[in-house]
Peer 1: 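Before we start, here is the structure in question, set down as structure tokens.
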Amino acid sequence: MRINPYAPNEIEPKWQRFWAEQRAFCAKSYFSRPKFFGLIEFPYPSGSGLHVGHPRSNTAIDIIARKRRMEGYNVLFPMGWDAFGLPTENYAIKNKIHPRIVTQQNVDHFRTQLQRLGFSFDWSREVDTTDPAYYKWTQWIFLKLHAHGLAYKAEMPVNWCVSCKCGLANEEVVDGVCERCNGEVVRRVRNQWMLRITEYAQKLLDGLDDVDFIEKVKTQQRNWIGRSEGAEVDFAIESSEDTSDVIRVFTTRPDTLFGATYMVLSPEHPLVDALIARGTVTNAQAVAEYRAAAARKSDFERTELAKDKSGVPLEGVCAINPATGKPIPVWISDYVLVTYGTGAIMAVPGHDTRDWEFASKFGLPIVEVVAGGNVTEGAYTDVADGVLVNSGFINGLRVAEAKQKITDWLIEKGLGERKVNYKLRDWVFSRQRYWGEPIPMVECPCCGFVPVPEDQLPITLPEVERYEPTDSGESPLAAITDWVNTICPKCNGPAKRETDTMPQWAGSSWYFMRYADPHNADALASKEALAYWLPVDWYNGGMEHTTLHLLYSRFWHRFLYDIGVVPTPEPYQKRTSHGMILGENSEKMSKSRGNVINPDDIVDVMGADAFRLYEMFMGAFDQAIPWSTKGAHGCRRFLDRVWRLQEILTDSEEISPALAASVHGAIKKVTEDYERMKFNTAIAAMMSLVNDLTAAGSVTRGELRALLLILSPVAPHIAEEMWEANSFGGTIYAQPWPAWDEAALHADTVEIAVQINGKVRGRIDVPADMTPEQAAEQLPSHEKVAELLAGRPIRKLVFVQGRLLNIVI
RNA sequence: GCCGGUGUGGCGGAAUGGCAGACGCGGCAGAUUCAAAAUCUGUUUUGGUUUCCAAGUGGGGGUUCAAGUCCCUUCACCGGCACCA
């Protein structure tokens with residue numbers, strides 16, 4: 001039978017309209033059915049539109065969402081816009097358009113592009129972080145954090161991006177430059193809003209044990225949180241008039257206390273000021289110069305110069321090693337960070353690489369206290385099987401025992417305590433820009449910072465003439481006096497609004513909750529909706545968000561759980577990650593490299609289904625992969641072949657016995673591979689099936705039906721069209737997912753390989769259920785086997801059912 | 001430096017310890033065509049003395065009847081962290 005050629009440009013818009021009219025993918029609000037909440041990171045609607053990376057993640061979860069619907073789940077698969085942010089603001093400034101207009105244009109463009117690709121999003125639940133009805137609740141969460149002591153204002157040295165004219169969180173500084181614009185980052189002291197994420201370090205760590213995240217993500221988050229166990233120890237300062245003067249250090253190796261031969265304070269350590277002020281330091285001039293030089297260095301320079309240690313002794317100051325009772329010198333050096341631990345260390349050059357370098361350079365004594373290495377050549381840092389020496393009452397103990405014993409001793413003497421430290425720093429939450437959520441705080445000359453009462457939310461962004469950032473480091477909002485000037489909610493006196501705005505990460509830290517109940521005006525979402533939909537069952541996104549968005553949103557969610565707003569401690573049950581799509585030249589896709597592929601162009605030429613199919617087929621889902629337009633054509637050719645199966649279609653509803661193994665094998669393989677995100681092999685299995693069907697010369701309706709069902713999550717338009725054209729009944733998206741018949745997978749006889757000494761020498765057909773015993777009895781006399789043996793004696797015979805026979809001679 | 005990951009044809013990549021190279025791209029040959037595109041058929045790891053033999057999954061060693069897969073060692077590339085005491 002002749003059929004019209006496959007014309008995706010006609011059938012794809014048709015089905016997209018149909019799905020929209022049917023409200024086919026709207027999540028239902030009956031809370032009794034089993035649910036599935038599938039999520040992909042909502043995009044930042046940039047001016048350049050969708051790139052080919054977005055659809056990789058989107059298609060993957062779209063496949064799962066469509067499969068879940070067919071399996072009977074009530075599916076929530078939403079989409080929205082993370083629309084606050086600097087690029088929009090910068091574009092608005094450059095082109096003199098209000099950021100709101102820019103955002104609207106970009107969102108419309110993105111929506112159109114996404115809809116062309118046929119994703120089964122529930123568009124009735126679209127959220128936009130810049131909508132006051134949305135950011136009202138972002139501000140509300142901030143007030144809750146503040147009420148629970150987790151938001152505070154502090155004078156902090158911050159990472160200041162010179163080109164964005166804006167402070168950055170630690171997580172936003174990459175290789176010493178701004179993550180967004182690659183601009184120079186310097187340290188500036190500013191009064192900043194901070195979120196006490198460190199309070200949640202342990203909970204964020206523990207929570208990882210209960211979720212199904214790919215291991216890479218867990219490891220990165222654990223490293224970022226950076227827990228270390230150890231002890232804090234007090235070192236007295238010799239001949240100090242003030243007996244309360246001690247230097248407290250943090251160490252993970254209290255067992256090496258006898259080997260602490262000097263101490264180092266960070267240049268910013270407050271005790272240095274005190275000692276200088278008191279005149280104890282005899283080389284105050286040199287110390288002041290060193291501190292000034294250290295302060296001038298950016299964090300980047302400090303790290304760059306890491307290899308070459310520098311420092312100055314505090315002459316006239318001596319500390320007492322509490323274990324040996326001996327005086328030891330005190331230095332300052334910028335290899336000790338003021339932001340970690342106590343900002344001071346006991347230096348054990350025998351067993352710490354950095355201390356060893358420092359001691360070698362400045363001729364400080366190096367003492368061995370753990371046997372096993374050679375401390376004249378380098379620090380011995382192995383803790384696995386070292387034994388303590390030169391260490392008084394802990395001599396002869398292994399490192400682990402020595403740690404316990406000396407810590408107990410320190411506690412008993414009142415010289416120290418057990419302590420856990422984290423590398424995680426508090427989250428710098430202020431940005432000095434216009435296009436962000438206003439922080440709902442008021443500064444009153446009498447009452448200090450006062451939270452805006454909840455019933456006054458949202459605090460909306462004022463209309464302004466100019467939203468350029470200022471060189472003074474003040475937010476552009478500061479110039480809008482009739483917005484800034486307000487009254488104190490507490491004393492009704494004149495007061496000023498906080499003019500800093502929230503960072504980009506604020507709105508995205510809770511957006512998934514809003515999808516549960518996006519139009520709720522009385523709460524961020526109803527308790528009932530949250531109880532039903534949370535946690536997100538499957539969240540796919542980029543690795544670049546592991547220590548940013550993913551960690552931040554876990555923090556907010558855990559906090560909201562602690563105050564009874566959300567029903568689960570963790571927001572995401574499962575987290576997976578896709579590999580990047582590179583340009584055809586295997587380099588990262590970027591405008592400047594000129595290797596950007598625009599999805600629209602591909603869809604124009606070969607259709608959305610072929611595009612989706614190729615994005616899933618091109619390689620292992622979790623690995624970076626170069627784009628190949630030729631490869632994409634191969635996927636279009638596959639869909640053409642699927643389409644042409646209609647030319648050889650018969651009336652039978654059966655699956656012909658000759659093809660049963662092929663068809664059922666494909667159903668099984670595709671079903672399992674979708675779940676494991678092995679989309680490439682699932683598609684390969686469908687290609688093989690189509691090859692088999694084509695080779696058979698005719699296709700039954702039963703066979704085509706099975707193929708369309710398993711193909712439909714990846715290529716929904718063609719599946720829907722062929723389903724309708726051949727009157728299979730109803731719509732394919734609402735069909736039940738097909739089951740496979742295990743019995744049909746296995747033929748009665750199988751061809752196995754015959755190996756002699758592990759080398760394949762021939763093939764024979766044997767019954768599929770032949771046991772090793774039967775094989776040992778029957779096969780040596782098999783005509784072909786005997787021929788291969790040529791009379792040589794059999795030493796050993798290995799038979800693997802359905803696979804091979806290996807004869808050792 | 002530390003922690004992950006990856007190394008397989010010309011290319012993207014398959015392969016519960018059991019017949020390496022599935023599937024696709026590209027190439028080559030043929031069919032169709034006035035011709036081209038598209039499509040279809042065949043072929044395509046390498047080297048040979050070509051119904052067959054040998055070699056072959058970054059390199060070297062090992063375990064095993066059997067190793068891309070497990071163990072040891074080494075190299076290269078990618079990602080993350082990096083003076084965190």
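Below, read A as the first sequence line, B as the second, and so on, with proteins coming before strands; counting in each chain starts at 1.
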Peer 1: Going by atom types only, do A/His549 and A/Glu41 share a side-chain donor-acceptor pair under 3.5 Å?
Peer 2: no

Peer 1: Assign a letter to each nucleotide of nucleotides 41-54 of chain B from its 5' end: B, base within under 4.0 Å of a protein heavy atom; S, sugar-phosphate only; -, no contact.
Peer 2: ------------SS

Peer 1: Give A/Ala632 one of three labels, base, sugar-phosphate or nothing, depending on what nucleic acid heavy atoms sit under 4.0 Å from its own.
Peer 2: nothing

Peer 1: Determine the contact category for A/Val808: base if any of its heavy atoms lies under 4.0 Å from a base atom, sugar-phosphate if only primed atoms, P, OP1 or OP2 are that close, otherwise nothing.
Peer 2: sugar-phosphate

Peer 1: Measure from the side chain of A/Ser228, starting at C-beta and using heavy atoms only, and say which of B/rC81, B/rA85, B/rG18 lies closest.
Peer 2: B/rA85

Peer 1: To the side chain of A/Lys678, which of B/rA15, B/rA85, B/rG4 is closest?
Peer 2: B/rA15

Peer 1: Just call it for A/Ile625: base, sugar-phosphate, or nothing, with non-hydrogen atoms closer than 4.0 Å on any strand.
Peer 2: sugar-phosphate

Peer 1: Return the set of residues passing side chain to side chain donor-acceptor pair (under 3.5 Å) with A/Trp356 (not counting sequence neighbours), or none when no residue passes.
Peer 2: none

Peer 1: Between protein and nucleotides 22-28 of chain B, what N or O pairs are separated by less than 3.5 Å?
Peer 2:
unit_1, atom_1, unit_2, atom_2, d
B/rG24, OP1, A/Asn691, ND2, 3.3
B/rC25, OP1, A/Arg637, NE, 3.0
B/rC25, OP1, A/Arg637, NH2, 2.9
B/rG26, OP2, A/Arg637, NH2, 3.2

Peer 1: Any side-chain N or O of A/Lys216 below 4.0 angstrom from OP1/OP2 of B/rG4?
Peer 2: no

Peer 1: Determine the Euclidean distance between corresponding P atoms of B/rU57 and B/rG68; express it in Å to zero decimal places.
Peer 2: 7 Å

Peer 1: Going by ring-ring contact (aromatic ring centres under 6.0 Å, His included), name the residues that satisfy it together with A/Phe617, two or more places apart in sequence or in a different chain.
Peer 2: none

Peer 1: What residue among A/Val264, A/Thr261, A/Ile345 forms side chain to side chain contact (heavy atoms under 4.5 Å, CB included) with A/Asp355?
Peer 2: A/Ile345

Peer 1: Counting side-chain heavy atoms from CB outward, which of B/rA20, B/rA82, B/rC3 is closest to A/Trp224?
Peer 2: B/rA82

Peer 1: Side chains of A/Thr749 and A/Asp765 only: does a donor on one sit below 3.5 Å from an acceptor on the other?
Peer 2: no

Peer 1: Describe the nucleic acid contact of A/Glu751 in one word from base, sugar-phosphate, nothing, applying a heavy-atom distance below 4.0 Å.
Peer 2: base

Peer 1: Excluding sequence neighbours, so at least two apart, what forms side chain to side chain donor-acceptor pair (under 3.5 Å) with A/Gln774?
Peer 2: A/Thr771

Peer 1: Quick one: list whatever passes side chain to side chain contact (heavy atoms under 4.5 Å, CB included) with A/Lys630, sequence neighbours left out.
Peer 2: A/Ser628

Peer 1: Mind checking if A/Val800 touches a base, just sugar-phosphate, or nothing, with heavy atoms under 4.0 Å?
Peer 2: base

Peer 1: Categorize A/Arg227 for me: base, sugar-phosphate, or nothing, with a 4.0 angstrom heavy-atom threshold over every strand shown.
Peer 2: nothing

Peer 1: Which glycosidic conformation, syn or anti, is assigned to B/rG59 if syn requires a torsion within 90° of zero?
Peer 2: anti

Peer 1: Does some side-chain heavy atom of A/Phe621 sit less than 4.5 Å from a side-chain heavy atom of A/Lys678?
Peer 2: no

